[in-house]
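Indexing begins at 1, ligand by ligand and atom by atom, following the structure's order. Predicted model, so just to flag it, every value in this text is computed and none were measured. For reference, positions follow the sequence shown, starting with 1.
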Amino acid sequence: DVCDRIDPEELKKEILEKYPTKVARKRAKQIVVNRIATCNEVQEIGANVRTIPGIITQRGCTYAGCKGVIMGPTRDIVNITHGPIGCGFYSWLTRRNQTKPPTENDENFMTYCFSTDMQDKDIVFGGEKKLRAAIQEAYDLFKPKAISIFSTCPVGLIGDDVHSVARDMKEKLGINIFAFSCEGYKGVSQSAGHHIANNGIFTHVVGLDDTVKEGKYKINLLGEYNIGGDAFEIDRILKKCGITLISTFSGNSSYDQFANAHTADLNTIMCHRSINYVAEMMEEKFGIPWIKINFIGSEATAKSLRKIAQYFQDQELIDRVEEVIAEEMPEILKVRGEVRPRCEGKTAMLFVGGSRAHHYQELFKEIGMKTISAGYEFAHRDDYEGREVIPTIKVDADSRNIEELEITQDPDRYRPRKSSEELERLKAEGFKFKDYDGMMREMDSETLVIDDISQYETEKLIEVFKPAIFCAGIKEKYAVQKHGIPLKQLHSYDYGGPYAGFKGAINFYREIDRMVNSKVWSYLKAPWQKSPELSAKYACD
Ligand code: CFN
Ligand code: HCA
């Protein structure tokens, strides 16, 4: 076993040696050898800090997080990028978030790319006039329910007031128009863009429509973006269980769903990193409790359905959920049984975003594969280290208001949801505290956890461990595959999916089986293996 032969601390040292002293000091905090089994505590990891200039990062920008990630999957808001054409054009339809308008009359603007196409003269004299004209033009052409505006870097630099333009045009046209100050350079990654988008959608849309929908068990699904059709599969399962989905933030979503989201009984959070802000705000303003769920992995899906049923404390739902699980599992176990002997013991590395590098480890585990190194691009410390929660669901008199009580490891950074005295009292009452599912707690000891991994570090890991599969994004894909290691894109799923829910698990098992057991990778020779003079040349340069 390659992992038994390699001392991860030695490898970390070797990686850091190549960096200048100051850079090495910074990177050292973001590269951690997991010691969970030996000391039963997660170590501190450096996360959500600025990438050191010069390092090739996987990260994206604030505009990407706001416009692409959070607002991108909503079909009927016209999203106008205010800026030179590049940002709009290159972020157009790259994320494979799918949508299905319920009828032919429902709008779908996702296939369009709207931009103000700023020119030199707009940078010099200001772009507000052009933005006003773009909003008017979009309105005249499409008559949408809402228009949103996204600022790119130059907009912030020249000081266009996108919010006042939005206010004026909202008044003039009588539809909802709002803007996001999500200039790419803000914050340290796309994570800042999630926050800006969540604040905006909460302020301008959530709560506008009080219509109470039919349904016995009404939930919102937060942090699910319908990549490769994931949300369709989750919808199918929820429907089968009799659970009503009021809104999804924001996979396959519409403006009306956001406006009505506050009428749900419960918020379920899948990608905590991108959406915890909305859950917290909805709890604060509308008293809607939230629980974490995860539909990546068949066992995780079953567990999440049970958790939702447990919240409603309704025997009919509890029984229905068990029936659905019992109906879905045989096919999954059959395929898993076929695939597992071929995949058992093989190794994976996952370096993706802010939640998938953790969630997908479950799916690999189900087919017997080991994650030997993983990390997020932009997650925060709590996504790695976890937080302490009381897993016991506490139900109030009318069986509706549950609380999943939670304390944090770092009260200065994360608002504790209960005061410490209250927690002490609950502890004394016998509530058991458990650390919630941060990535590091669920990974094996001696695995390398690396935040905001660089291209150089990626290549070093591959050279040393030669994993059976590497999971990352489009920028990493071909560089990794030139080493003869298959790369599965866990952002876009390449051309595959869905991978969520029960049917998704089956798709994933089959796909990974094909990839790790194909001989084609062993035939591949990197350019520098075929022509060693190439690497010699680069070494001289
Ligand atoms: S769909 Fe999500 S699941 S929202 Fe987030 S943290 Fe990105 S776009 Mo790429 S695939 Fe990725 Fe996550 Fe949440 Fe996607 S792991 S990086 S910003 N992400
Ligand atoms: C983003 C979007 C992205 C990029 C994926 C990739 C996505 O970060 O702006 O690098 O392949 O999922 O589309 O994360």
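Under a 3.5 Å cut-off, the side chain of R95 and the backbone N or O of G68 do form a donor-acceptor pair. With hydrogens and angles ignored, the 3.5 Å screen pairs no side-chain donor or acceptor of D494 with any backbone N or O of G496. When atom types are taken as modelled, the side chain of S250 and the backbone of I70 share a donor-acceptor pair closer than 3.5 angstrom. A donor-acceptor pair under 3.5 Å links the side-chain atoms of E183 to the main chain of G156, judged by distance alone. Formation of a donor-acceptor pair under 3.5 Å by the Q190 side chain with backbone atoms of G60 is found in this model.
K365 has no carboxylate O lying under 4.0 Å from a charged side-chain N of E362, or vice versa, which leaves the two without a salt bridge.
Checking R75, K100, Q98 one by one against N252, the side-chain hydrogen bond (donor to acceptor under 3.5 Å, both in side chains) holds for a single residue, R75. Just one of M349, Q481, H483 meets the side-chain contact (heavy atoms from CB on, under 4.5 Å) condition when paired with F470; it is M349.
For ligand 2, the 4.0 Å heavy-atom shell takes in A64, R95, Q190, G473, I474, K475, Q489, H491, ordered by chain and residue number. The residues lining ligand 1, counting any heavy atom closer than 4.0 Å, are V69, R95, H194, Y225, I227, C271, S274, V352, G353, G354, S355, R356, F378, H491.
A cation-pi arrangement, defined by a distance under 6.0 Å to the six-membered ring centre and an angle within 45 degrees of its axis, is absent between K18 and Y456.
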